[in-house]
Amino acid sequence: MMRSISSGLIGWLGGLFLFLSTAQGAPLNQALTTLHQPVPGGVAIVEINTKPTKGAAPEVRFLEKRVLTTRDDAGRSFAIVGIPLSTKPGVHHITLSTGSVKSTLSFEVRDKTYREQRITLKTNKHVHLSDEDLARYKREATLQDNAYQQFSPTHPSNLILDRPVDAPLSSPFGLKRYFNGEARAPHSGLDFAAPTGTPIKAPAAGTVILTGDFFFNGKTVFVDHGQGMISMFCHLSVIGVSEGQKLERGQVLGKVGATGRVTGAHLHWNVSLNDARVDPAIFIGMFSP
Ligand SMILES: [Zn+2]
């Protein structure tokens, strides 16, 4: 009797040790656990093969857009799927293709309730647009839409991102916003309460794919981190980089400011996966469900 209890205990301890050592030996899996927040505006981690394989990972798409994939130390592959804020809770599918062979995998999106925010702007310039401003906005929207649709083959240098500024978080992602009492698009990024002039650092390595001084976003930098993971930094006082420039993780790309549609100086940071704007707080381990 004693023997079976102690061997059971040893077996249990051995299993626990194996679990802990696997967890400690696989930082990528910890990153994926952090990133798995399957809500509208969140991220779903979907394992795309169960057997370790040396072959190329299949091409994965969600809503027809290419999806970031990664592989852990044990050779298991995962899709890191950006879930648009407009997605309905329930079962959704990604498609996998390897050559001409196609298959689908399902994943579940949970519900999440986002708060409302009422913002008062001093003028209505950014609420009721003149014809001229509307035409300008449309031109700029096309440039920015194109930037978000980039898919370069490089794997991101890091999936858990560094904070671009050392400052407290202010407006969270997903707020349903009313400007001077009128409903507008929900907040597509995360704000940091940083004063004008604060240096902004690249949260991962990447390439500058777009810079500009835009109607809503002010002075803006887009960074392609690879495989459809794109950062956008807005309302800058100074853009310190140029299109085509390669950035190392942590390299300064500009300074915080108050350009565009703002009530004061702050950094607005968007993170996009497969052309879906997702909550940047997920990538810095600050997500609140
Ligand atoms: Zn913002």
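All of these numbers come straight from a predicted model, not from anything done at the bench. As the structure lists them, so they are numbered: ligands from 1, and atoms in each ligand from 1. What's counted below: heavy atoms across the whole structure, side chains too, no hydrogens, waters or symmetry copies.
- Under 4.0 Å is where a charged nitrogen must lie from a carboxylate oxygen, and between Asp162 and Arg249 at least one such pair does.
- For residue His268, an N/O/S atom approaches the Zn ion (ligand 1) to within less than 2.8 Å.
- Residue side and main chain included, His187 places an N/O/S atom under 2.8 Å of the Zn ion (ligand 1).
- Residue pairs satisfying the ring-ring contact (aromatic ring centres under 6.0 Å, His included) criterion with at least one member in residues 180-204, sequence neighbours excluded, are listed as follows: His187-His268.
- Between the Zn ion (ligand 1) and the N, O or S atoms of Asp191, the shortest distance is to OD1.
- Counting heavy atoms from C-beta on, the side chains of Ile230 and Val223 never come closer than 4.5 Å.
- Residues Gln227 and Ile80 fail the side-chain proximity criterion, which asks for heavy atoms closer than 4.5 Å.
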